[in-house]
Amino acid sequence: MTDSLQATVRTRANVYFDGKCVSHSLELADGSKKSVGVILPSALKFNTGAPERMELIEGECRVKLPGASDWATYRGGQNFDVAGNSAFEIEVTQTLHYVCHFL
């Protein structure tokens with residue numbers, strides 16, 4: 001994803017987990033929806049509605065995906081997919097900058 005795009009941006013931030021996760025919602029001209037944000041070092045559990053692809057821009061985390069028994073480590077430049085109507089656990093070890101693509 002590039003730093004420049006045509007989109008509608010909700011300027012009011014989405015703030016979760018007492019400020020440990022802050023994002024902004026985007027809707028692109030083609031109707032696709034994304035959020036772009038940051039997660040501070042913490043251990044959190046996110047619930048999903050739609051399927052998601054988490055594109056990591058910078059930082060590092062460990063993730064436990066639905067149905068997985070083991071944690072996997074991800075860094076900037078990598079991504080992971082999460083099924084809709086599920087949940088995943090994430091432990092952020094270095095501040096994580098991300099784009100969440102709603103599939």
Side-chain angles (χ1 to χ4, degrees):
M1 178 166 228
T2 63
D3 291 332
S4 175
L5 52 88
Q6 290 187 349
T8 300
V9 178
R10 289 197 183 135
T11 54
R12 183 173 175 87
N14 306 304
V15 180
Y16 304 101
F17 304 106
D18 297 320
K20 293 181 179 92
C21 177
V22 178
S23 68
H24 286 274
S25 299
L26 309 171
E27 185 170 342
L28 278 65
D30 66 4
S32 62
K33 296 181 180 182
K34 305 179 184 309
S35 65
V36 60
V38 64
I39 304 174
L40 300 176
S42 55
L44 308 171
K45 183 175 182 177
F46 285 92
N47 296 310
T48 65
E52 302 177 0
R53 172 165 294 136
M54 289 289 288
E55 176 187 1
L56 308 182
I57 307 304
E58 184 178 328
E60 183 173 301
C61 64
R62 292 182 347 125
V63 176
K64 189 172 185 184
L65 294 170
S69 57
D70 295 324
W71 291 80
T73 299
Y74 295 92
R75 294 174 181 82
Q78 297 180 304
N79 63 69
F80 60 89
D81 293 339
V82 185
N85 299 312
S86 65
F88 68 97
E89 296 176 65
I90 186 167
E91 292 181 359
V92 175
T93 54
Q94 295 176 9
T95 299
L96 193 66
H97 300 260
Y98 70 90
V99 178
C100 178
H101 304 266
F102 298 99
L103 306 175

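These values consider heavy atoms only, across backbone and side chains, with no hydrogens, waters or symmetry-generated copies.
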Q: Could you check if a side-chain atom of L65 sits within less than 4.5 angstrom of a side-chain atom of V82, using non-hydrogen atoms only?
A: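 With C-beta onward as the side chain, the pair touches.
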Q) Is there a side-chain contact between T95 and P41 (heavy atoms, below 4.5 Å)? A)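 Of all side-chain heavy-atom pairs linking P41 with T95, at least one is under 4.5 Å.
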Q: Treating Ile, Leu, Val, Met, Phe, Trp and Tyr as nodes and any side-chain heavy-atom pair under 4.5 angstrom as an edge, say whether L26 and Y16 lie in one connected cluster.
A: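 Shared cluster, no.
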Q. Do V9 and V36 belong together in a cluster built from hydrophobic side chains that touch within less than 4.5 Å?
A.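 Yes; tracing contacts between hydrophobic side chains, which count when under 4.5 Å, links both residues.
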For the residue pair [X] and [Y], what are the closest heavy atoms and their distance?
X    : Y   : result
C21  : F46 : SG-CZ, 3.9 Å
A87  : P66 : O-CG, 3.1 Å
L103 : A50 : O-CB, 4.4 Å
R75  : Q78 : N-OE1, 2.7 Å
K20  : L44 : CD-CD2, 4.3 Å
T73  : R62 : OG1-CG, 3.8 Å

To the nearest 0.5 angstrom, please state how far the [atom1] atom of [X] sits from the [atom2] atom of [Y].
X   : Y   : atom1 : atom2 : result
Y74 : L96 : OH    : CG    : 12.5 Å
I57 : N79 : CD1   : CG    : 9.5 Å
I39 : I90 : CD1   : CD1   : 4.5 Å
S32 : E27 : OG    : CD    : 8.0 Å
M54 : D81 : CE    : CG    : 11.0 Å
E52 : S86 : CD    : OG    : 8.0 Å

(Q) For D18, is the CG atom crowded, meaning more than 12 foreign heavy atoms sit under 6.0 Å from it? (A)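 At most 12 heavy atoms, drawn from other residues, nucleotides or ligands, come within 6.0 Å of this atom.
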Q) Under the criterion side-chain hydrogen bond (donor to acceptor under 3.5 Å, both in side chains), which of H101, K34, H97 is the partner of E55? A)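 Checked H101, K34, H97 against E55; only one passes side-chain hydrogen bond (donor to acceptor under 3.5 Å, both in side chains): H101.
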Q) What do the steps show when you test C61 against L56 for side chain to side chain contact (heavy atoms under 4.5 Å, CB included), and what is the final call? A) CA-CA 9 Å; C61 64; L56 308 182; 4.0 Å; yes
Q. Looking at E89, E91, K45, which one forms a side chain to side chain contact (heavy atoms under 4.5 Å, CB included) with K64?
A. E89
Q. Quick check, are the ring centers of Y98 and F80 under 6.0 angstrom apart?
A.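 No.
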